Amino acid sequence: EGDSRVNFLKEALHIAREAGSVIANVFQETKQNVQTKANCADLVTETDKAVEKLIFDYLRTKFPSHSFIGEESVSDGAMQCHLTENHTWVVDPIDGTMNFVHMNPNVAVSIGLAINKQTEVGVVYAPMLDQIYFGVRGHGSFLNGRRLSVSKSITDISQALIATEFGSRRDESVTTVCANIQNILMKHKVGGIRCTGSAALNMCSVASGAVDLYYEWGPQCWDVCASHVIVHEAGGVTTDALGQNFDMMSRSYICASNKHLIEQLVPSVTQISLAQ
Ligand code: IPD
């Protein structure tokens with residue numbers, strides 16, 4: 001096959017744009033067909049399902065030997081969330097579904113390709129923001145054609161702008177989520193905390209330099225696969241929530257413009273168990 005990552009990127013960009021137009025076309029419809037998944041904060045719409053099918057039908061035709069992991073197919077039991085060494089497309093049709101049903105524009109199509117379990121190609125398209133991010137390992141990452149680079153100047157967490165999320169759990173873990181935010185604000189007196197409602201867009205904001213660090217327990221591989229390579233190619237670092245090696249399947253992530261910020265964050269936050 002040679003280095004066909006450029007071809008993989010081309011196809012991912014094509015179908016991300018198609019998916020984005022489907023989302024944009026229904027965005028103003030006040031009543032999305034919403035169903036709850038794990039709880040009232042974990043939603044799926046007919047559009048999530050239709051967009052995932054659109055993306056997989058296209059990529060399966062182009063790359064029949066590849067494997068696929070998609071948020072909605074895993075959620076409804078049609079697919080296993082199991083990463084192998086095979087070329088695997090890891091897809092979130094709408095990252096930020098809660099935003100989508102509220103007509104908040106922070107929504108993104110996230111299409112990543114892992115080869116030998118490593119992310120090689122990533123496309124994150126936010127149609128309502130007119131932002132298309134992409135990255136290819138070894139070839140850089142870009143926003144609307146402009147080369148991305150993480151913020152270079154901030155190595156002290158007290159000066160950092162941090163993104164995190166409250167996530168979709170509504171149990172006692174919320175206490176720890178809030179205590180961590182309180183600790184970061186009071187101990188480090190950080191510049192600010194932002195929540196966009198999309199893990200993929202939070203990570204892309206690290207890549208563009210719009211925030212310095214993002215952390216969260218709870219997202220899934222499809223929320224982070226594509227943006228992981230985009231951050232890496234912009235010069236950023238992604239780890240698990242202990243500051244150890246990034247594992248796409250770990251559901252705990254820290255992503256920052258440099259490792260110094262991660263080293264300062266880790267002792268200030270209490271780990272959240274994802275069992276349950
Ligand atoms: C969610 C978003 C959100 C994050 C959750 C994710 P979804 O993805 O990325 O920001 O807090 O952990 O599940 O469900 O909208 O695809």
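Quick caveat: nothing in here was measured; it's all calculated off a predicted structure. Counting starts at 1 for both ligands and their atoms, following the listed order.
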Checking Phe166 now: which residues fulfil ring pair (Phe, Tyr, Trp, His ring centres under 6.0 Å) with it, not counting sequence neighbours?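 For Phe166, no residue satisfies ring pair (Phe, Tyr, Trp, His ring centres under 6.0 Å) once neighbours in sequence are set aside.
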Return the orientation label for the Trp217 and Tyr215 ring planes: parallel under 30°, perpendicular over 60°, tilted otherwise.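 Because their plane-to-plane angle is over 60°, the rings of Trp217 and Tyr215 count as perpendicular.
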Which class fits the ring pair Tyr253 and Phe246: parallel under 30°, tilted 30 to 60°, perpendicular over 60°?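 If you compare the ring of Tyr253 with that of Phe246, the planes turn out tilted.
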Which pairs count as side chain to side chain donor-acceptor pair (under 3.5 Å) when at least one residue sits in residues 198-209, sequence neighbours excluded?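 Applying side chain to side chain donor-acceptor pair (under 3.5 Å) to every pair that reaches into residues 198-209, excluding sequence neighbours, yields Asp95-Ser198, Glu165-Asn202, Thr196-Asn202.
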Hey, which residues fall under 4.0 Å of ligand 1 on heavy atoms?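 The 4.0 Å shell around ligand 1 contains Glu71, Asp92, Ile94, Asp95, Gly96, Thr97, Glu165, Gly167, Gly197, Ser198, Ala199, Glu216, Pro219, Asp223.
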Could you check whether any side-chain heavy atom of Val74 comes within less than 4.5 Å of a side-chain heavy atom of Ile69, counting everything from C-beta outward?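 Yes - at least one pair of side-chain heavy atoms lies under 4.5 Å apart.
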Using the test salt bridge (Lys or Arg N to Asp or Glu O under 4.0 Å), find all partners of Glu52 that sit at least two apart in sequence or belong to another chain.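 Result, salt bridge (Lys or Arg N to Asp or Glu O under 4.0 Å) vs Glu52: none returned.
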